[in-house]
Amino acid sequence: MSDIRVRFAPSPTGELHIGGARTALFNYLFARKNGGTFVLRIDDTDLERSRADYIDKLIASLKWLGIEWDEGPYFQSKRLPEYTGEAERLIVENKAYRCYCSVEELASGREEAKKDNRAYLYPGTCRNLTTEQEEIFRKEGRKPVIRLRTPEEGTTKVSDEIRGEVSFDNYGIDDFIIVKSNGLPTYNFASVIDDLQMKISHIIRAEEHLSNTPRQIICAQALGYDLPKFAHVPMILAPDRSKLSKRHGATSVEEFRDQGFLPEALVNYMALLGWSPGRNEELLTLEKMIENFSLERVNKTAAIYDVAKLAWMNSQYMKEYDPKLLAETAIPFFEKKNLLSGKPDNDKKNKLEKIVTAVRERAKTLDELADNASYFLTDDFEYDEKGINKYFKKEGAAGYIRQAVSLIDNITEFEATALEESFHRLSEELQISAGRINPLVRLAITGRMGGPGLFETISILGRQKTTARLIRAADYIDSIK
RNA sequence: GGCCCCUUCGUCUAAUCGGUUAGGACACCAGCCUUUCAAGCUGGCAACAGGGGUUCAAAUCCCCUAGGGGUCACCA
């Protein structure tokens, strides 16, 4: 194992976002590629917004995607003494100080700044309080925060593996809060301490953190640690170029799963958002991704995600999936459509496997797959409106269907090839084209205009159901005349 | 608004020491295949944000402009 160590550190304030998932994936790929260690850490220092059930969901989503971590999960909420200890040390070393300004006082200053159209910077009110002054504030019942004493001049340079060197003017960085008045550390403090103590070598995270990085560097310097390397990966944007949110449809891994996407497809798609293997390849196994991954090949540009391409990719994976596994994976989707209930026995499983194999060519998601297969599992379906006009209302339709009934009744070998031959003979006898009778039969037994090969469909459906549906359709045609 | 990042087909991207008819994929369109719908195959449409430099030569290097994004919390 090399000393490469990376981490994914989500805060449990929601489901695993697609952007977060991709960050996790890049960290994972980078660790695997370099024989490093991938650490999972839960940044749960925000008491108000963190929720325990999100932790479980986060972990479930990562597992579903197949993104495995080597260490953790660590919880910031369990490391509180670390942070307060370090904060105390900084105060003793005069690198940090207590600030007694109230939220109201700060807010008014911020408003003032906004009115003048300038950025608000904490003015350093409490920078040099005497012990006596502190004593007075404490007696007033003020709960202090702890602020880091940041340099007023010079620049702080972020050396980014993806973007190169980015420098920030220290003037624009105020004495920010590292410990809140409730005693909990802020993100910019806790995560710095964790990253340093956990010996993280590369911080690979979303671009939105780039602006925070100089603060963290200053913080790390104050603490006296060596800096890790940084890599800020581009954001994932919605089709309208805005930040991806609920109104754009699915945004979390969980939602994509529920819509019927396969984890392999989602992972493959995410990997290609902001990264490319450098060759004209789109369909990549996880092994291939690992083999080819490098931060050097990660883009700087924000990527807009395109569900159509994800869907295409998903269909490609469905086609290659092991039929047994595909049937198994599709079960919840059948259940959701009331096409299946209870645990399927072996017979049922075999049947599902056949069905799924027959219809998967035409589906982009598992949801569509279940929909395409519905008539195999229920007799309860309507005839396609257009189909009724196009086929049922044509002269002789009921008659042809009844011919098909006797064909089905009399055929000895009930499988696709034999059926095809018999139907071929029938259309010759009737002196009509196959195009006249086949779609008619399809509509009668499936209610639809399209689907798998007709004879495959019949053979899966079985003799009984086929004849019953044919008779039902013939009667229906008579009834609408 | 300050600071920071970014800018190749509609979308994801390739062209990583300047020299390509700017390549691939999705989507879209057309043809083939076919009992249907798909899939598949073949072909087509389609991009270097704009303007200045540097250079024999710029998508590639530099500057400016425009546009997009991020960030400016006792959120992470």
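Below, chain A is the first sequence line, B the second, and so on; all start at residue 1.
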Would you kindly give the [atom1]-to-[atom2] distance between [X] and [N], to the nearest whole Å?
X        : N     : atom1 : atom2 : value
A/Leu440 : B/U35 : CG    : C1'   : 12 Å
A/Arg205 : B/U71 : CZ    : P     : 12 Å
A/Glu208 : B/A76 : CD    : C1'   : 8 Å
A/Leu273 : B/A25 : CG    : P     : 18 Å
A/Asn280 : B/A22 : CG    : P     : 16 Å
A/Lys114 : B/A73 : NZ    : P     : 10 Å
A/Asn268 : B/A25 : CG    : P     : 15 Å
A/Glu428 : B/U35 : CD    : P     : 13 Å

Heavy-atom donor-acceptor pair, [X] side chain to [Y] backbone, under 3.5 Å:
X        : Y        : value
A/Arg362 : A/Gly451 : yes
A/Asn314 : A/Leu262 : yes
A/Thr150 : A/Ile173 : yes

Mind checking who [N] pairs with, Watson-Crick or G-U wobble, both distances under 3.5 Å?
N     : answer
B/G2  : B/U71
B/G18 : none
B/C28 : B/G44
B/U34 : none
B/A66 : B/U7

Span that lies between the [atom1] atom of [M] and that of [N], in whole angstrom:
N     : M     : atom1 : answer
B/U11 : B/G68 : C1'   : 16 Å
B/A46 : B/C12 : C1'   : 15 Å
B/C61 : B/G19 : C1'   : 15 Å
B/G2  : B/U60 : P     : 28 Å
B/G10 : B/U20 : P     : 23 Å
B/G44 : B/C6  : C1'   : 32 Å
B/U54 : B/G69 : P     : 35 Å
B/A30 : B/A39 : P     : 14 Å

Which of these nucleotides, [options], is closest to any side-chain atom of [X]?
X        : options             : value
A/Glu282 : B/A76, B/U11, B/G24 : B/G24
A/Lys243 : B/G24, B/C74, B/U71 : B/U71
A/Glu207 : B/G69, B/A73, B/C75 : B/G69
A/Ala308 : B/C12, B/G70, B/A27 : B/A27
A/Glu296 : B/A76, B/U16, B/C5  : B/U16
A/Asp306 : B/C26, B/C5, B/C75  : B/C26

Distance-only side-chain donor-acceptor flag, [X] / [Y], under 3.5 Å:
X        : Y        : result
A/Thr125 : A/Arg147 : no
A/Tyr83  : A/Asp194 : yes
A/Gln216 : A/Asn188 : yes

Could you tell me whether [X] contacts a base, only the sugar-phosphate backbone, or nothing, with contacts defined as non-hydrogen atoms closer than 4.0 Å?
X        : result
A/His232 : nothing
A/Ser167 : sugar-phosphate
A/Phe455 : base
A/Ser181 : base
A/Arg163 : sugar-phosphate

Derivation and outcome, side chain to side chain contact (heavy atoms under 4.5 Å, CB included), residues A/Glu282 and A/Asn268:
CA-CA 8 Å; A/Glu282 309 281 330; A/Asn268 194 156; 6.0 Å; no
May I ask you to verify whether the side chain of A/Lys309 and the base of B/A27 hold a donor-acceptor pair under 3.5 Å?
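Donor-acceptor pair under 3.5 Å: no.
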Between the base of B/C4 and the side chain of A/Ser211, is there a donor-acceptor distance below 3.5 Å?
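Check fails, no donor-acceptor contact within cut-off.
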Most 5' of A/Gly278 and A/Arg241 on RNA chain B, judged by nearest nucleotide:
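That would be A/Gly278.
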Pick the nucleotide of RNA chain B nearest each of A/Val298 and A/Val145; which residue has the one closer to the 5' end?
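Going by which nucleotide is closer to the 5' end, it is A/Val298.
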Quick check on [N]: is either OP1 or OP2 less than 4.0 Å from any side-chain nitrogen or oxygen of [X]?
X        : N     : answer
A/Asn299 : B/A14 : yes
A/Lys300 : B/U13 : no
A/Arg297 : B/A15 : yes
A/Thr45  : B/C75 : no
A/Lys180 : B/A76 : yes

Would you check, one step at a time, whether the test side-chain hydrogen bond (donor to acceptor under 3.5 Å, both in side chains) holds for A/Arg7 with A/Ser191?
CA-CA 11 Å; A/Arg7 104 273 125 116; A/Ser191 88; 5.0 Å; no
Measure across A/Ser315 and A/Ala363 and return the closest heavy-atom pair with its distance rounded to 0.1 Å.
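Closest approach of A/Ser315 to A/Ala363: CB-O, 3.5 Å.
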Relative to the ring of A/Tyr383, is the ring of A/Phe392 parallel (under 30°), tilted (30 to 60°) or perpendicular (over 60°)?
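The rings of A/Phe392 and A/Tyr383 stand perpendicular, inter-plane angle above 60°.
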Mark yes or no: A/Arg297 above the aromatic ring of A/Phe293, with NZ or CZ under 6.0 Å from the six-membered ring centre and no more than 45 degrees from the axis.
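No, A/Arg297 and A/Phe293 do not form such a contact.
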Let me have a per-nucleotide readout for nucleotides 36-50 of chain B, 5' to 3', with B, S or -, counting only protein heavy atoms under 4.0 Å.
BBBSS----------
